[in-house]
Protein chains: 2
Amino acid sequence: MGITKTDVFTEHHNKMAAVLKALAHPARIAIVEYLLSVDACICGDIVNELPLAQPTVSQHLKELKSAGIIKGSIEGKSICYCVDESAINELMQYFQTINQKLNIKKCC
Amino acid sequence: MGITKTDVFTEHHNKMAAVLKALAHPARIAIVEYLLSVDACICGDIVNELPLAQPTVSQHLKELKSAGIIKGSIEGKSICYCVDESAINELMQYFQTINQKLNIKKCC
DNA sequence: TTTCAATATCGTAATATTGCAATATGAAAA
DNA sequence: TTTTCATATTGCAATATTACGATATTGAAA
């Protein structure tokens with residue numbers, strides 16, 4: 001069907017899946033890592049950095065933004081995108097928690 | 001197109017995207033969290049735990065397994081699935097690294 | 001060996017995603 | 001005001017994903 005039955009899962013499960021989904025594309029991973037690697041926050045050249053057409057990049061940026069992973073502020077003619085700290089923090093803590101639980105278990 | 005242009009991205013970007021994609025579904029998040037919550041490693045009842053049909057669950061398990069997030073060993077008639085520590089560890093470290101870089105930057 | 005229980009695979013319908021050309025928008029420069 | 005540059009939106013084709021009924025498969029019990 002292609003449609004995810006979100007209504008039968010908890011809000012937490014749906015939210016986690018949505019955030020991870022926003023990152024689950026090589027272009028979007030590349031965008032996040034590029035934003036981290038650039039000194040300044042001048043981010044208009046993401047399009048030049050990526051091997052994709054401008055509309056495609058714009059679409060990926062939109063997805064990252066609506067998932068809360070990046071934020072963009074208008075800077076005159078161009079836009080300044082950067083990674084949202086709190087989103088990354090939540091992801092980090094999520095996997096840290098799982099990691100701890102695994103250390104306790106040691107099953108297989 | 002629906003087809004991701006993996007050939008134009010680095011192997012690292014593709015790999016990260018693939019692992020995250022495997023987790024980017026509420027059912028698969030639910031499976032991982034269920035495996036963590038269960039004391040023993042008797043995991044045949046994932047199907048009963050999830051509000052999805054058996055073939056659907058089986059498909060999700062397959063995706064998690066082929067992404068290296070869970071591993072399954074045959075236990076007589078049923079199968080024992082559990083979360084793979086090293087996969088979670090890598091994800092944890094990935095977000096820890098990003099988090100550190102963000103602390104240094106403090107841009108927007 | 002037959003049967004049963006647990007899981008996997010196949011086939012397929014409905015929907016989502018990806019990518020881009022064409023086009024629109026919006027702000028600054030000329 | 002016109003032009004130009006940066007970015008967003010629209011529309012659409014190709015492909016991927018999700019879900020499940022039907023049907024294998026496989027090992028254990030009877």
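For clarity, every value in this text was computed on a predicted model and none was experimentally measured. We name chains A, B, ... by the order of the sequence lines, and we start the count at 1 in each one.
- Considering only heavy atoms from C-beta on, B:H60 stays 4.5 Å or farther from B:L50 through its side chain.
- A donor-acceptor pair under 3.5 Å is absent between the side-chain atoms of A:R28 and the main chain of A:L64, judged by distance alone.
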Taking only N/O atoms, report every protein-nucleotides 6-10 of chain C pair under 3.5 Å with atom names and distance.
residue, atom, partner, partner atom, Å
C:dT7, OP1, B:I79, N, 3.1
C:dT7, OP2, B:G44, O, 3.0
C:dA8, OP1, B:Y81, OH, 2.6
C:dA8, OP2, B:S58, OG, 3.0
C:dA8, N7, B:Q54, NE2, 2.7
C:dA8, N6, B:Q54, OE1, 3.0

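- Note on B:E63: only backbone sugar-phosphate atoms sit closer than 4.0 angstrom, heavy atoms only; bases stay farther off.
- Residues from residues 16-32 of chain A lying near DNA chain D, meaning a heavy-atom separation below 4.0 Å, are absent.
- Every residue two or more places apart in sequence or in another chain was checked for a ring-ring contact (aromatic ring centres under 6.0 Å, His included) with B:F9, and none qualifies.
- Contacts of B:A17 classified as side chain to side chain contact (heavy atoms under 4.5 Å, CB included), with partners at least two apart in sequence or in another chain: A:P26, A:I29.
- DNA chain D is contacted by A:T4, A:K5 of residues 4-15 of chain A, taking any non-hydrogen atom closer than 4.0 Å.
- Look at CD1 on A:I3: it is 15 Å from C1' on D:dA16, rounded to the nearest Å.
- Partners of A:T10 under the side chain to side chain contact (heavy atoms under 4.5 Å, CB included) rule, at least two apart in sequence or in another chain, are A:H12, A:H13.
- Within the 3.5 Å criterion, the main-chain N or O of A:Q54 finds no donor-acceptor partner in the side chain of A:S58.
- Per the geometry, CG belonging to A:L52 stands 17 Å off P belonging to C:dT17, to the nearest Å.
- B:I74 comes within contact range of no nucleotide atom at all, as no heavy-atom separation falls under 4.0 Å.
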